[in-house]
Amino acid sequence: MRDTKRIRAWMRENRWRQCDIRRALDYDKATPVWETIAGRRSSRRVLRWFIDNGCPVRYLDRKSVV
């Protein structure tokens, strides 16, 4: 299960905002980002971004991590 609170805390600690991630992934809207953080969706691009930028994998749903 995705640990939304820890993901958000990691984002705050590292000064990442959803809009920063959206821009980095070249999305028009932040919907895929917030839905992935909330666990409603499992966008491989968003999950890969989190891993590549140092978010602990244990915060993410391991079943959906590429």
Side-chain angles (χ1 to χ4, degrees):
M1 184 171 191
R2 196 159 298 146
D3 194 337
T4 302
K5 289 182 182 181
R6 287 193 177 171
I7 293 170
R8 292 187 189 282
W10 175 86
M11 288 174 62
R12 277 191 305 277
E13 289 169 11
N14 291 279
R15 298 180 185 199
W16 287 111
R17 298 175 300 163
Q18 290 181 25
C19 64
D20 299 325
I21 300 168
R22 177 193 63 80
R23 285 187 199 114
L25 296 174
D26 199 30
Y27 285 136
D28 291 333
K29 297 182 180 185
T31 306
V33 177
W34 71 261
E35 285 183 341
T36 300
I37 293 169
R40 295 182 184 178
R41 183 180 203 175
S42 291
S43 168
R44 289 181 176 196
R45 285 183 66 199
V46 175
L47 292 170
R48 175 56 48 201
W49 184 93
F50 276 106
I51 292 168
D52 291 347
N53 285 280
C55 183
V57 177
R58 67 182 179 271
Y59 298 171
L60 307 170
D61 182 4
R62 295 173 195 219
K63 295 176 188 170
S64 58
V65 175
V66 177

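This one's a predicted model, so the numbers in the text were calculated from it and none came from an experiment. In what follows, every heavy atom counts, from backbone to side chain, and hydrogens, waters and symmetry copies are set aside.
Between atom CD of residue Gln18 and atom OG1 of residue Thr31 there is a gap of 9.5 Å, rounded to the nearest 0.5 Å. In this structure, Arg23 CZ and Leu25 CG are separated by 12.0 Å, a value rounded to the nearest 0.5 Å. Between the OH atom in Tyr27 and the OG atom in Ser43 there is a gap of 3.5 Å [rounded to 0.5 Å]. Atoms CD1 and OH, from Ile7 and Tyr59 in turn, are 9.5 Å apart once rounded to the nearest 0.5 Å. A distance of 5.5 Å separates OG in Ser42 from CG in Leu47, rounded to the nearest 0.5 Å. With rounding to the nearest 0.5 angstrom, the CD1 atom of Ile21 is 8.0 Å from the CG atom of Asn53.
A donor-acceptor pair is defined here as one N or O able to donate and one able to accept, closer than 3.5 Å; no such pair exists between the side chain of Arg22 and the backbone of Lys29. Checked by atom type and distance alone, the side chain of Asn14 never pairs as donor or acceptor with a backbone atom of Met11 at under 3.5 Å.
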Please test Asp3 against Met1 for side-chain contact (heavy atoms from CB on, under 4.5 Å), starting from the C-alpha separation and ending with a verdict. CA-CA 6 Å; Asp3 194 337; Met1 184 171 191; over 6 Å; no
Worked verdict on Phe50 versus Ile37 for side-chain contact (heavy atoms from CB on, under 4.5 Å): CA-CA 10 Å; Phe50 276 106; Ile37 293 169; 3.8 Å; yes
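In terms of heavy-atom proximity, Val46 sits nearest to Pro32 at CG2-O, 4.0 Å. Residues Arg2 and Gly39 come closest through the heavy atom pair NH1-CA, 3.4 Å. Listed here is the closest heavy atom pair of Cys55 and Leu60: SG-CD2, 4.5 Å. Heavy-atom minimum distance, Trp49 versus Ala24: NE1-CB, 3.7 Å.
Salt bridge absent: Arg40 and Glu35 never bring a charged side-chain N and a carboxylate O closer than 4.0 Å.
No side-chain N or O of Thr36 forms a donor-acceptor pair with one of Arg45 less than 3.5 Å apart.
Counting non-hydrogen atoms of other residues, nucleotides and ligands closer than 6.0 Å to CG of Asp28 gives a total of 12 or fewer.
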